[in-house]
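Reminder, nothing fancy here: chain letters follow the sequence lines and each chain counts from 1. Values below: all heavy atoms of this structure, side chains included; hydrogens, waters and symmetry mates excluded.
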Amino acid sequence: MSTMNAPAASVTSASAPSVPAAPRPDQLTERLGLGIDRVMAESGLWAPQLAARAFGQARGDVTRATQLLRTHRTSLPRLGRSLPVRAGELRVVRRISSAFRNPPGGQVLGRTLDYVGRLLDLLPEEEGRQRAVLASESAHEHHDHHGHEHPGHEHPQHGHEDEVERAPGHVLSVFREMDIVAPPGDHDDPEPYDITRHPARPGVPRSALLQTMARADTGALLYLWYGSEWKPGGQEAHEVPGELRHGFLPIRVEHPHTGRPVTVGDVRVSEVVSFHSLTRASELPRHLDVGYGMCFGHNERKAISMAGADILLGHYEGTERAAGLQHDVLLTLDGLDITGYTEHQKLPHHAEYRSVLERATAAAAHQAGPHRTGPHPGDTA
Amino acid sequence: MTTYPTTEMPSTDTAVRRTDRLAGPAPRPGIFDELSKREIRRAVLSGIAIPGYQVPFGSREMPVARGWGSGGLQVTLSLVGQDTRLKVIDQGEDAGVNASNLRRLVVGHVGCEEETDTREADVIQSRHRIPEQPLQDGQVLVLQVPGAEPLAGIVKNMDEQRRMHAEADYSKMWVRLYEDIVHNGLITNAAGYPVLVEGRYVMTPSPIPRWDVPKLNHSEGVTVLSAGREKRIFAVPPHTLVEPLTFEDRPFEVERTPGAACRLCGSDDTYIVQEPGPDGTFSTWVCSDTDFCRRRRAGDAPEVTALEAALAHTREESTI
């Protein structure tokens, strides 16, 4: 595709075109980090440098960048698997709970675009950045534990190093001890389904559904959840994220010689655990339903949608709705699939279309044929 | 032998050798690793073993959108070698944008030979057409498939679709065709007309015009159909019975327009598409198969097209 979509600038300019300096991948990561995170999540591949490159080459089109990144991975042999890690190991840089004023481990607001009313900043870029840094520094001087920091989001000098990193306990485990959440299903799903190697169809285990949602197009997933019958105001109560986290998870592999787990790096993820009080026929609403969402990078919108959709899937499991819902999750959320179909609309179809026109003409001729011209005068029929 | 960066760490050396063995011969960088190609070939072989059956496969991401021939591309890349003569067409044309792009990709990756003459090609990847030149023994036709499931428009539930295929329960398909006749007086299915393969599986032939459907019957070549987005591969081996679904009193109709002929080569026995004439209306016609049209003009094309040969064969069969 890249060969077909070469910029047209060189055609229109008469003299030798002057090429503006391309932003470096690290500049893209700094200024457009959330977009690059989205590319990695939708690719299902953690590779910040490559994703930044892809994002730039796709001129900011998340789906095209995702295509580039996934296609790049296809070109590489798969050599091994990392070991499972517990989500409790997640070292948070942001952690909030909407369910509790003060959850165990505390609220850690971290770096976010939330909480501050924002207007488009019309200052010159450099000046604006400088002011944001100053504001950020003064905020740090009065840093309180609730983290009312980072009024701006442009503070290159203050990266991850001064953000809180720790691993508070999950609200879910507190709820489990209180016996107010639905017990884990009796699913026997020990070996995760691999959606990159086996096409997923309705009836697949939950791991396939979660993988599909983790790689889904953010907008499509958001719609599936928001457009479901529970939203908006379909019921009086809605689910609440008991937990929203953004942070680092270690990646471990088995050492080829010693067999011991070795940490080889980490990935940044967003994680959401949502709770919803739902009743089923012949069941008291004693237990909260739990939904889980996790994706690469910082994308809370996606993780919240995923957790909500997970509750939805769990709620309808075993009912008539299940196959339809699973169908929508598995087959209408992948960004490459759904945009691939859109892209194909632009290809020539004239050989096929002649056939369509021929049938339309034939059907019209049949309608106008002698047996359809209406009763003749004197026809007694 | 591929040279790898040397390192003093013996463990890395072991890892490199293991990598080499896993991935097969030294891979060319880009597009596709050898293990994945092998997986595709296995799916193709399964498809050939069960004609018309849709084999699920772990479709990979290709450098083209899923809809621009990513399925066909995976099959083609898995089949071609450096000495393969490859023809790629879209709507019958070698020069179509999609065809040119895919050909450039494969040739650039594998270094195989570009071919436009259907007779000389070993592998022909196509979108929406089967060439007018009858295929020969040893040739492989790879068709790009946008929608693999012929029952998709009849039942949405995938379990039900699979059950219907498994039990060869195609009654709903027949009812659909019958209702079409009742409502419209004829079967309105245009391109991608459903076929029954070897009396067993109902299959979509991909959106080829009905003109091309009879060519699948008892073809000398292998036809592999691949849907990248829907992650399914299916095939029609040589000398396989392929019948378009229709009723005894409703003969299968191909696209014919009385009096119409290609303005370039004069053929009226090829699939022609409309073109604007001097008056600006779609009043003239040209061959969709540009290779065949060019050879017709040069006197290098056979008298009998693939369709005529296929229809003659079917007539012969029915009189036996």
Toward chain B, the part of [X] with a non-hydrogen atom under 4.5 Å:
X	answer
Leu76(A)	backbone
His350(A)	both
Ala362(A)	both
His72(A)	neither

With distance as the sole test, does [X] use its side chain to make a donor-acceptor pair with the main-chain N or O of [Y] at under 3.5 Å?
X	Y	result
Glu255(B)	Ser355(A)	no
Ser75(A)	Phe32(B)	no
Gln67(A)	Val64(B)	yes

Using a 4.5 angstrom heavy-atom cutoff, name the option from [options] with the most pairs to chain B.
options	value
His349(A), Arg73(A), His198(A)	His349(A)
Thr339(A), Ile195(A), Thr71(A), Thr63(A)	Thr71(A)
His327(A), Arg201(A), Gln345(A), Lys346(A)	Arg201(A)

Quiz prompt | Derivation and outcome, side-chain contact (heavy atoms from CB on, under 4.5 Å), residues Gln274(B) and Leu357(A) | solution = CA-CA 11 Å; Gln274(B) 282 166 301; Leu357(A) 288 179; 4.1 Å; yes
Gap between atom [atom2] of [Y] and atom [atom1] of [X] - 0.5 Å precision:
X	Y	atom1	atom2	answer
Thr188(B)	Glu358(A)	OG1	CD	11.0 Å
Ser59(B)	Arg197(A)	OG	CZ	10.5 Å
Asp334(A)	Arg66(B)	CG	CZ	6.0 Å
Ser288(B)	Glu352(A)	OG	CD	12.0 Å
His128(B)	Leu347(A)	NE2	CG	8.0 Å
Thr196(A)	Glu61(B)	OG1	CD	8.0 Å

Sort [X] into side chain, backbone, both or neither according to what part of it lies under 4.5 angstrom from a heavy atom of chain A.
X	answer
Arg232(B)	side chain
Glu39(B)	side chain
Ile187(B)	backbone
Asn189(B)	backbone
Phe57(B)	backbone
Thr257(B)	both

Practice problem: Would you kindly check if the NZ (Lys) or CZ (Arg) of Arg354(A) is within the cone defined by 45 degrees around the ring axis of Tyr271(B) and under 6.0 Å from the six-membered ring centre? | Solution: yes
Practice problem: State whether Asp337(A) and Arg229(B) are salt-bridged, where the test is any N-O pair (Lys NZ or Arg NE/NH1/NH2 against Asp/Glu carboxylate O) under 4.0 Å. | Solution: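 A salt bridge is absent here (no side-chain N lies under 4.0 Å from a carboxylate O).
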Quiz item: Would a 4.5 Å heavy-atom cut-off, applied to side chains only, mark Leu331(A) and Met158(B) as touching?
Solution: yes
Identify the heavy atoms of [X] and [Y] that sit nearest to each other, and give their distance.
X	Y	answer
Asp33(B)	Thr74(A)	OD1-O, 3.3 Å
Gly67(B)	His344(A)	O-CB, 3.1 Å
Lys156(B)	Asp328(A)	NZ-OD1, 4.0 Å
Ala65(B)	Gly340(A)	CB-CA, 4.2 Å
Pro348(A)	Val97(B)	CD-CG2, 4.4 Å
Pro209(B)	Ala351(A)	CB-O, 4.4 Å

Quiz item: Counting heavy atoms not belonging to Phe252(B), are there more than 12 under 6.0 Å from its CZ?
Solution: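 Enclosed.
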Exercise. Count the heavy atoms of every other residue, nucleotide or ligand shown that sit under 6.0 Å from CZ of Arg53(A), and state whether that count exceeds 12.
Key: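 It does not: Arg53(A) CZ has 12 such atoms or fewer within range.
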Self-check item: Largest heavy-atom contact set with chain A, pairs under 4.5 Å, which of Arg256(B), Arg210(B), Glu230(B), Glu93(B)
Solution: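 Most pairs with chain A among the choices: Arg210(B).
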